[in-house]
Amino acid sequence: MFARRSVPPTAPAPEPAPGDPRRPAGPGVELRGVAKRFGDITAVAGADLSVPPNGRLGVVGPSGCGKSTLLSMICGLTGPDAGTIDVLGAADAPGRLARCAWMPQRDLLLPWRGVLANARIPLENQGLTRREASQRVRPLLDRFGLAEFADHRPAQLSGGMRQRVSFLRTVAADKPVLLLDEPFGALDSITRADLQDWLRAMLADEPRTVVLVTHDVEEALLLCDRVVVMSARPGRIVASVDVPPYAGTGAAARRARLADPAFIALRDSVLAHLESAR
Ligand SMILES: Nc1ncnc2c1ncn2[C@@H]1O[C@H](COP(=O)(O)OP(=O)(O)OP(=O)(O)O)[C@@H](O)[C@H]1O
Ligand SMILES: [Mg+2]
């Protein structure tokens, strides 16, 4: 349904200069002893995580275990009560925010802006004119099946369409770190598979560091090279599973992967960890 490649029409990027937020320095994303309380509730208790530059980490865990809080702390929008967080060499919250494109669990689309105008917000914030930003975003509208709805306001869209706009806006922001919170949860299974495949192909073409939160274990294993399981609140990392890469894209490669006994064994192992994490 969607074309494979994302790439908005931009010139090939030169090697980032030292100090440039796009230049990998040390780990991609690193958390050491990160904890967060909300009043009496301990949402996250002592999380340690390390994602190499251009690594893709999947995070699964029971509802309420602190997954969204973790993403919000990584990008600097929520301050941890303890521990340190480093994103591509930045330990301060503004530096981390500059390096991350965050797709929140609930889309934060501006109700008074249409689809195109919502999708180009990060590029406008980076200093592009509306015209330039629109030129970069339009090809993605087409690829995500939203071209006919460019001027529709969020209230005129279905939940799945809003989620696609939010996802589009996140990848169009062109940041080196993608934090995706249940990016495809509201989509029908065919559209979800298409977008997963599109994301995989996009990351193969233009690698980025990804932290993907999902309730779908197969999704985590299809898209990520490592999957961690969090325990029920207070959230801790209780298991970590390395995922061997697989070749090919498209429905046939996906079907083969899902039927692969090694993949099934991995999935069962993550599900068993999840079961005991509740
Ligand atoms: N801003 C907040 N103020 C108070 N409590 C909060 C806040 N944000 C999160 N919490 C609490 O922290 C805990 C973890 O919430 P979080 O949204 O991170 O969980 P989650 O793992 O993302 O859950 P889900 O899978 O349902 O999305 C929950 O108990 C939630 O009520
Ligand atoms: Mg959440």
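Excluded from the calculations below are hydrogen atoms, water molecules and symmetry mates; all remaining heavy atoms, backbone and side chain alike, are included. Whatever order the structure lists them in is the order used to number ligands and atoms, beginning at 1. When a residue number appears, it is its place in the shown sequence, counting from 1. Source: prediction; values computed, not measured.
Only one option out of Ile237, Leu70, Thr78 pairs with Val44 in a side-chain contact (heavy atoms from CB on, under 4.5 Å); it is Leu70. No option in Val229, Leu266, Val228 other than Leu266 meets the side-chain contact (heavy atoms from CB on, under 4.5 Å) test with Val241.
Remark: the backbone N or O of Gly114 is not paired with any side-chain donor or acceptor of Asp151 at under 3.5 angstrom. The main-chain N or O of Gly95 is found under 3.5 Å from a side-chain atom of Arg99 such that the two form a donor-acceptor pair. No side-chain donor-acceptor contact under 3.5 Å links Glu219 to the backbone of Asp216.
Contacts with ligand 1 closer than 4.0 Å are made by no heavy atom of Glu182, backbone or side chain.
Taking every non-hydrogen atom of Gln105 and a distance limit under 4.0 Å, the qualifying atoms of ligand 1 come out as 27 (O).
No N or O atom of Ala43 sits closer than 3.5 Å to an N or O atom of ligand 1. At least one N or O atom of Gly64, backbone or side chain, sits closer than 3.5 Å to an N or O atom of ligand 1.
Look at His215 and you'll find a heavy atom under 4.0 Å from some atom of ligand 1. For the pair Gly66 and ligand 1, a heavy-atom separation below 4.0 Å is found.
Between Phe184 and Trp198, the ring center distance fails the sub-6.0 Å criterion.
Within a 4.0 Å radius of atom 31 (O) of ligand 1, the protein has no heavy atom.
For atom 3 (N) of ligand 1, the closest heavy atom belonging to the protein is Phe38 CD2, 3.5 Å. In terms of protein heavy atoms, atom 26 (O) of ligand 1 is closest to Ser63 OG, 2.6 Å. Among protein heavy atoms, the minimum distance from atom 17 (O) of ligand 1 is reached at Ser68 CB, 3.7 Å. The shortest contact between atom 15 (O) of ligand 1 and any protein heavy atom is with Thr69 OG1, 3.8 Å.
For the pair OG of Ser68 and OE1 of Gln105, the angle at the Mg ion (ligand 2) is about 90°; rounding is to 10 degrees.
Asp174 is listed as a side-chain neighbour of Arg136, based on a closest heavy-atom distance under 4.5 Å.
Around atom CZ of Arg236, no more than 12 heavy atoms belonging to other residues, nucleotides or ligands sit under 6.0 Å away.
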